[in-house]
Amino acid sequence: MDLHLNEEQLMIRDAARDFAQNEIAPVAEHYDQAGEFPMPIIKQMGEMGFMGIEVPEDYGGAGMDTIAYVLAMEEIAKADVATSTIMSVNNSLYCHGILMFGTEEQRKAWIPPIVLGEQIGAYALTEPMSGSDAGTMRTRAELSEDGSHYVINGIKSWITSGPVAHRIVIFAKTDPDATPKHRGISAFLIETDQPGFTVGKTEPKLGIRASATCEIMFDDYRCPVENILGKPGEGFKIAMTVLDAGRIGIAAQALGVAEAAYDASVQYARERVAFGKPIGAFQMIQQKIADMKTRIEASRLLIYQAALAKMASKKSGARYTTEAAMAKLFASETAMYVAHQAVQIHGGMGYSKELPIERYFRDAKITEIYEGTSEIQRMVIARNELKIR
Ligand code: CAA
């Protein structure tokens with residue numbers, strides 16, 4: 001597909017590619033094995049504009065469009081999915097909601113430190129007993145008697161960047177009796193260096209091991225009323241709107257890791273000789289290569305379609321929920337398929353830690369789970385098509 005990328009889009013794609021291949025790829029294995037958050041890389045990415053690609057320059061961002069964002073995300077993920085996860089949370093889950101629903105004061109105060117790479121952002125929706133069914137959250141935010149702040153109590157789990165985050169967009173029930181239940185949810189901007197906030201257990205994970213994930217606890221945390229994001233009761237809508245944007249980034253991330261696994265497979269199939277010829281000369285390998293390539297290019301088209309729909313929605317206000325869900329569903333399942341085939345093509349070497357193939361395989365899996373599982377994406381697409389809930 002010739003998307004006629006403009007100069008700005010080509011520039012960020014090339015800058016991301018250079019940075020990813022020269023600065024991230026050589027250390028990706030180290031951070032994965034150590035399970036260490038790549039803070040120096042994240043700081044550099046902030047300085048280069050990768051932490052706020054769609055954020056207007058007024059708030060310290062790069063002021064680019066969604067196509068630029070997905071191109072950069074793909075390149076970073078091609079080198080390391082964990083790094084691209086941190087990038088995705090800062091760009092989409094943290095900044096997008098504040099840009100869409102924040103006041104001017106909130107945007108000016110809460111966005112620049114994150115996009116400049118000085119601080120880390122996070123997004124806290126999930127709880128131990130509330131994952132896919134996000135509306136069932138139990139975390140409670142009660143308005144104080146004098147109306148000056150909300151008192152927040154509860155536990156959030158699976159918080160990407162949680163152990164190192166300075167600022168978090170969190171969701172809590174302000175009206176537990178509301179019907180339907182999601183109308184009792186509100187969104188808040190919180191700082192993690194305040195009393196009442198603690199980091200709980202860190203999750204040991206199969207993949208994206210350099211991206212830190214943990215539980216966070218609120219114990220009578222006092223959030224000033226001016227730090228509510230949007231209006232009371234608007235939290236669920238904010239969470240879902242933000243996830244629509246986030247899912248496009250995860251799709252681009254999935255595309256990146258699929259491409260990394262595919263490129264390695266093509267090279268290996270050309271070089272590895274068995275039964276007197278390169279294994280790529282065998283039809284069983286050719287079938288895998290053909291299917292991998294076709295699914296990758298189909299993912300790319302769905303991602304561009306979703307990115308263009310998001311860009312159009314700036315003017316029309318129309319939701320791009322279905323486009324984002326289809327892109328994430330197809331690209332993440334493609335990433336898993338391609339990484340699986342890449343291990344198979346590489347045989348024992350695909351299973352060995354000598355090559356990054358096994359890391360691609362471990363990292364690809366998360367794209368089918370976070371920001372809504374494949375099952376949730378199918379539910380979202382089907383409900384929107386059938387117009388039933
Ligand atoms: N945009 C705006 N509003 C939306 C929306 C969207 N995309 N989707 C739903 N809404 C609104 C609906 O219009 C409705 O509002 P009204 O009642 O005012 O009409 C309201 O939200 C409730 O909608 P539903 O009845 O469809 O809600 P539901 O309870 O049935 O749940 C769901 C819908 C799609 C399953 C949703 O719960 C969901 O997406 N679940 C998955 C959650 C998820 O993705 N979690 C990932 C956590 S974040 C993460 O992984 C981050 C990380 O750290 C990397």
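For clarity, every value in this text was computed on a predicted model and none was experimentally measured. Just follow the structure's listing: the first ligand is 1, and inside any ligand the first atom is 1. What's counted below: heavy atoms across the whole structure, side chains too, no hydrogens, waters or symmetry copies.
- With sequence neighbours left out, the ring-ring contact (aromatic ring centres under 6.0 Å, His included) criterion links Y31 to no other residue.
- The salt bridge (Lys or Arg N to Asp or Glu O under 4.0 Å) check on E75 picks up R17, with sequence neighbours excluded.
- Sorted by chain and number, the residues within 4.0 Å of ligand 1 by heavy atom are L93, Y123, T126, G131, S132, A134, W158, T160, H182, R183, F236, K237, M240, T241, L243, D244, R247, R319, T321, Y370, E371, G372, I376, M379, V380, R383, R389.
- The aromatic rings of F275 and F282 lie perpendicular to each other, with more than 60° between the two planes, well past the 30° mark.
- In this structure, R222 is not positioned above the aromatic face of Y150 in the sense of NZ or CZ being under 6.0 Å from the six-membered ring centre and within 45° of the axis.
- The shortest side-chain heavy-atom distance between E371 and K328 falls under the 4.5 Å cut-off.
- Remark: K201 pairs with E203 by the salt bridge (Lys or Arg N to Asp or Glu O under 4.0 Å) rule, at least two apart or across chains.
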